[in-house]
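Keep in mind it's a predicted model, so treat the numbers as computed, not measured.
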2 protein chains.
Amino acid sequence: MLESANILRKYGIPVTAQRLALLRAVGARPHATADVLAEAVRAEIGAVSKQAVYNALGTLVEKGLIRRIQPAGSPALYEGRVGDNHHHLICRSCGMTVDVACVVGERPCLNAADHSGFRIDEAEVIFWGTCPSCLEKTEKTGADQAEAGKPQDFLTRPTTP
Amino acid sequence: MLESANILRKYGIPVTAQRLALLRAVGARPHATADVLAEAVRAEIGAVSKQAVYNALGTLVEKGLIRRIQPAGSPALYEGRVGDNHHHLICRSCGMTVDVACVVGERPCLNAADHSGFRIDEAEVIFWGTCPSCLEKTEKTGADQAEAGKPQDFLTRPTTP
DNA sequence: AACAAAAAGTAGACAGAGTCCATTTTTTGA
DNA sequence: TCAAAAAATGGACTCTGTCTACTTTTTGTT
């Protein structure tokens, strides 16, 4: 509580009830959407506007206090874990997202063979697959993968079979 | 023309003027959005509905004839280059997207240290940075990167400084 | 403690990308 | 050629997120 306030102050971010609640919400729910976080904040302090949530998340991301990940076909997700350069593993069928340790370790953790003159500052890696519980469902029903592993709308993505 | 029709037939996809035009449009404009492709198709055959474009793109992606990439904060992009497992390099400031050869070569081209029981089928890699022409602009104005490199709305993403 | 200036928050309209649905048109294959 | 199956149409609708004008809260300075 005081903790969070001090963190905000250290970064020169004005301390408001909304931001404090949001910071806690992000800490408590890794990989939550803005909407879910807004609900969490409401549960704690009564009300917040959508805009306050988006503004605050934007500021916190900008200052490096939280991290935003935007998987294809899904709304943005936020997480408190920053600075350790981990990546994500996402289930195509239920959307479950888990952290995975960085493959290499340093940031940017990969080198493009040909960088075309770009100055690269980040290598974003997302592993796509099927989570254990969706795998189990597939096997149980005996349905083939195309059936049971059919991605939900929000996760429809290219499959390169 | 006949070429494309045969490809569609080979994959069991009914041949329609819309799909043929779309296939050509994707081939001619790598990294185009659905909207841009729809315009291209209209230029060629007069008219298409938004839905026909989305349906056709979806089908083609599903069959592996084209590839969909969905960079954070941007609408989906489509490309005809499939099967060579290359990745993408995107400019944070102007959105320019170029292909880069795969870092490793095989697909999935990376291994997650801990896969948490997932069955991984793809490792998606996006390199983020600044393209040569935006770099030049930055240097010319003498503005610092935070200024000149300010991402456009459609490309606002986490920065991990 | 009080007070202006600056920064945040509020509510609601608005925008872009994509989906849904009922109906019409085209393609296929017998 | 003709019916069944698949696509296309177009318009309403949804979901994330942004813009704007206005009000409220923080801050930091007397």
Query - Spacing of B:Leu65 atom CG and B:Leu57 atom CG [to the nearest 0.5 Å] - result: 11.5 Å
Report summary line: A correct 5'-to-3' footprint of nucleotides 5-10 of chain C, with B, S and - meaning base, sugar-phosphate only and no protein heavy atom under 4.0 Å, is --SSSB
Query - Intermediate values then yes/no, salt bridge (charged side-chain N to carboxylate O under 4.0 Å, His left out), A:Glu122 and B:Arg92 - result: CA-CA 10 Å; A:Glu122 185 187 350; B:Arg92 285 190 198 276; 2.9 Å; yes
Query raised in the report: Do A:His87 and B:Glu124 have a side chain donor and acceptor closer than 3.5 Å?
Result: no
Requested in this report: Please give the angle, rounded to 10 degrees, between the axes at the start and the end of the helix from C:dA1-D:dT30 to C:dA30-D:dT1, where five pairs define each axis.
Outcome: 30°
Query raised in the report: Looking only at atom types and distance, does a side-chain atom of A:Thr97 sit under 3.5 Å from a main-chain N or O of A:Gly95, one as donor and one as acceptor?
Result: yes
**Report entry** Euclidean distance, atom CG of residue B:Asp35 to atom C1' of C:dG16 [Å, nearest integer]
**Finding:** 9 Å
Query raised in the report: D:dT9 P sits how many Å from B:Leu22 CG, rounded?
Result: 12 Å
Query - Donor-acceptor under 3.5 Å (B:Arg42 side chain, B:Val48 main chain) - result: yes
Report task. Please state how far atom CD in B:Glu62 lies from atom P in D:dA7, giving the value in whole angstrom units. Result -> 10 Å
Requested in this report: Mind calculating the distance between CD1 (A:Ile45) and C1' (D:dT24) to the nearest angstrom?
Outcome: 14 Å
Report summary line: note: A:Tyr54, atom OH; C:dG12, atom C1'; distance rounded to Å ~ 15 Å
Query - Check: B:Ile120 and A:Trp128 side chains under 4.5 Å, non-hydrogen atoms - result: no
**Report entry** Separation of atom CG in A:Leu20 from atom P in D:dT25, rounded to whole Å
**Finding:** 15 Å
Report task. Let me see the working for B:Arg19 and B:Ile13 under side-chain contact (heavy atoms from CB on, under 4.5 Å), right down to the final yes or no. Result -> CA-CA 9 Å; B:Arg19 299 222 251 237; B:Ile13 306 171; 3.4 Å; yes
Requested in this report: Provide, to the nearest angstrom, the distance between the CZ atom belonging to B:Arg9 and the C1' atom belonging to C:dG29.
Outcome: 13 Å
Report task. Calculate the interatomic distance between B:Leu60 atom CG and D:dA6 atom P; express it in whole Å. Result -> 17 Å
Query raised in the report: What heavy-atom pair brings B:Thr33 and B:Pro75 nearest, and what distance separates the two atoms?
Result: CG2-CG, 3.9 Å
Query raised in the report: Can you name the ring-ring contact (aromatic ring centres under 6.0 Å, His included) partners of B:His31, sequence neighbours left out?
Result: B:His88
